[in-house]
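Naming: A, B, ... by sequence-line order, numbering from 1 per chain.
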Amino acid sequence: MTIYLLKRFLEMIPTFFGITLLSFFIIHLAPGKPTDLLSEMNPKITPEAREKLEQLYGLDKPIAVQYGMWLKRVVKLDFGESFSTDRRPVMEKIWDPEQPLLDRRLFVTFSINVLSMLIIFLIAIPIGISSATHRYSLFDKITTTSVFIGFATPGFWLALLLIMLFGLHLDWLPISQLKSMDYDSLSMSGKIWDRTRHLILPVFVSSFGGIAGLSRYMRSSMLEVIRQDYITTARAKGLPETKVIYKHGLRNALLPIITLLGLSVPGLIGGSVIFEQIFGIPGMGALFYMSVMMRDYPLVMAILTIGAILTLIGNLLADIGYMFADPRIRVK
Amino acid sequence: MHSESPGKLLWKRFRKNKLAVAGGVMVLWLFLIAVFAPFISPYDPSGIDRKQILDAPSMQHPFGTDDLGRDVLSRMIYGCKISLAVGVVAIGIATFIGLLVGALSGYYGGWIDRIVMRFIDVMLSIPTFFLILAVVAYIDPNLWNEILPGWVTKFLEEAIMDPNILNIMIVIGLTSWMGVARLVRAEFLSLKEREYILAARTLGAGDLRIIFSHIMVNSMAPVFVSAVLGVAAAILIESALSFLGLGVQPPTPSWGNILALGKDNIEIAWWLSVFPGMAILITVLSYNLVGEGLRDALDPRLWGSGNQ
């Protein structure tokens, strides 16, 4: 078991290097240099001053050397200084020690994604099971139709509709930011309630597509399992139907779902660019959008790398989950 | 049954699935709208009318007007053309790359296969939209003018007007081939061991001939299904990019950039948000229905059961 995990972990290392190399390559395809942007903002900059800047960032060195320099620092979690006017270290922008934990960008995005995953799992699995066990019932037909529509709904459109309905028309929920202006004056429970209210729409939007997709996979996975001989055996020996479904069926039906959940991590993290932009949430996605627009190379690289690391961790967790669900792997 | 051609059999099974047929009709209809956009749109899509800024839907403008007084329905009709063009070309590129990479990897195996698979793992570990966004924002649209032959870029520019759109097509294509490649590789791994391949080799067929005319033709069905589903995904990506201001740039209309205006005017102009989103939903839904219908029609395990 430990050998299996260790092997999976070792396999992640070349993938990690590949990721850093690829993102480094993409960014250096870019036309122009970041110093172009600096001098555009300040036309009075002299060629000497520009050269100095380029040297400072190592932009005058060959790409391979630049990559080596960057990688050496990344191992120490030092992603360099941002190119933006405030010149803050990149890591501080992502994980600001001056802010409370709840407001640090990486934590914001991470927690919204974890919440979304939980909600996807909690809603989609029961829906998938009931659709499969009550195949062709009214419930199955309604959910299958909703799943098809849900799968085709652009998340950002759904966000706009929800903002119009719950934010503007009914005025029930806040439509932007993570907390209200008067947050600091609220009591403890008031603070919790305030944050929860702000999270409802973003978390719903980011989990919506996942619920549709996963419940469909759960349905077909369950249908596949129900067809198997061991389910017939379980029924034949007189087990009650709930036991057949939830003990013998569910465990096997969940196996492909666990892998799928791991595979959905990059989509979820990537999606945060869109909904953080719409709901004005100060997270990694919004920061990435800003850094891409500003050609803030170190920041873009840092976020790509951290996003990929989170994905790899997600895959590893899925493998571990798989191991717990499937005794065949544990034996190997 | 044996006398019928595979294509006819496929159509027979596909036809039984009413939802898939409905999707197919919609796909055809959208295609016609795109082709005949200049003839059916009631107004010039970029015709500015200062007297009718942000007018609610009316008899004259069934879907209202935008912040420059342009007719939203006409802009959506032209947007249909853009969306379909981006979806189809992007997936064409992705399918081409996927076929090539998957075939090489599956046929030759060994270290080529290991490197390719590792590279696909890398591509799939970078959060999808992060990767696309980085490439879109960083690649110079003029780069393609230098790489591609002149007549290709000229043709594309004349067909769709905006050089920026070519960039989006290529970027979506370059970031969505991995699924096809894996699919093709798996098909190659299983097909190359078959006896008819051995027979072909014995008869003196070379690698290229075996790859293209003996294996690839037989692995096209699942590739076609994934391409149809891929068009839907590419249309979603294009609209999201345009919504963020990184895709199709105004004044060229696209469903995504009308929605971006909808967001800016969300308190006063609901029609800018509601209608283009509906169009995306219907388009994506139609392609998904056709894709799933094809997949079911191709799946021999479902042939026996009359009820889908």
I'd like to know which of [options] tops the heavy-atom pair count under 4.5 Å against chain B.
| options | value |
| --- | --- |
| G314(A), G307(A), A152(A), P14(A) | A152(A) |
| N315(A), I163(A), L161(A), I278(A) | I278(A) |
| L312(A), L310(A), I149(A) | I149(A) |

Counting only heavy atoms closer than 4.5 Å, note whether [X] contacts chain A via side chain, backbone, both or neither.
| X | value |
| --- | --- |
| I132(B) | neither |
| Y287(B) | neither |
| F130(B) | both |
| A232(B) | neither |

Identify the two heavy atoms, one from L287(A) and one from K93(A), that lie closest to each other, and give their separation to 0.1 Å. CD2-O, 4.2 Å

Which pair of non-hydrogen atoms, one from F275(A) and one from P202(A), has the smallest distance, and what is that distance? CD1-CB, 4.2 Å

Residue from S273(B), G262(B), S286(B) scoring the most non-hydrogen pairs under 4.5 Å with chain A is S273(B)

With chain A as the partner, which of P276(B), P127(B), S239(B) has the greatest number of non-hydrogen pairs under 4.5 Å? P127(B)

Beyond-backbone contact of [X] with [Y], side-chain heavy atoms, under 4.5 angstrom:
| X | Y | answer |
| --- | --- | --- |
| R118(B) | D121(B) | yes |
| V101(B) | F119(B) | no |
| D67(B) | L272(B) | no |

Parallel, tilted or perpendicular: ring planes of W172(A) versus F166(A), cut at 30 and 60 degrees: tilted

Strictly less than 4.5 Å between heavy atoms, which residues of residues 139-148 of chain A line up against chain B? Please order them by number. F148(A)

Will you find, in the side chains of E11(A) and T15(A), an N or O donor that is under 3.5 Å from an N or O acceptor? no

Are the side chain of T109(A) and the backbone N or O of M284(A) linked by a donor-acceptor pair below 3.5 Å? yes

Do side-chain atoms of R219(A) reach the backbone of G128(A) as a donor and acceptor pair under 3.5 angstrom? no

Going by an N to O cut-off under 4.0 Å, is there a salt bridge joining R216(A) and E292(B)? yes

Side chain, backbone, both or neither: which part of [X] has a heavy atom under 4.5 Å from chain B?
| X | answer |
| --- | --- |
| I303(A) | both |
| I309(A) | neither |
| I269(A) | both |
| L22(A) | side chain |

Interatomic spacing from CG in L261(A) to CE in M117(A) - rounded to 0.5 Å: 4.5 Å

What's the separation between atom OG in S291(A) and atom CD1 in I94(A), rounded to the nearest 0.5 Å? 8.5 Å

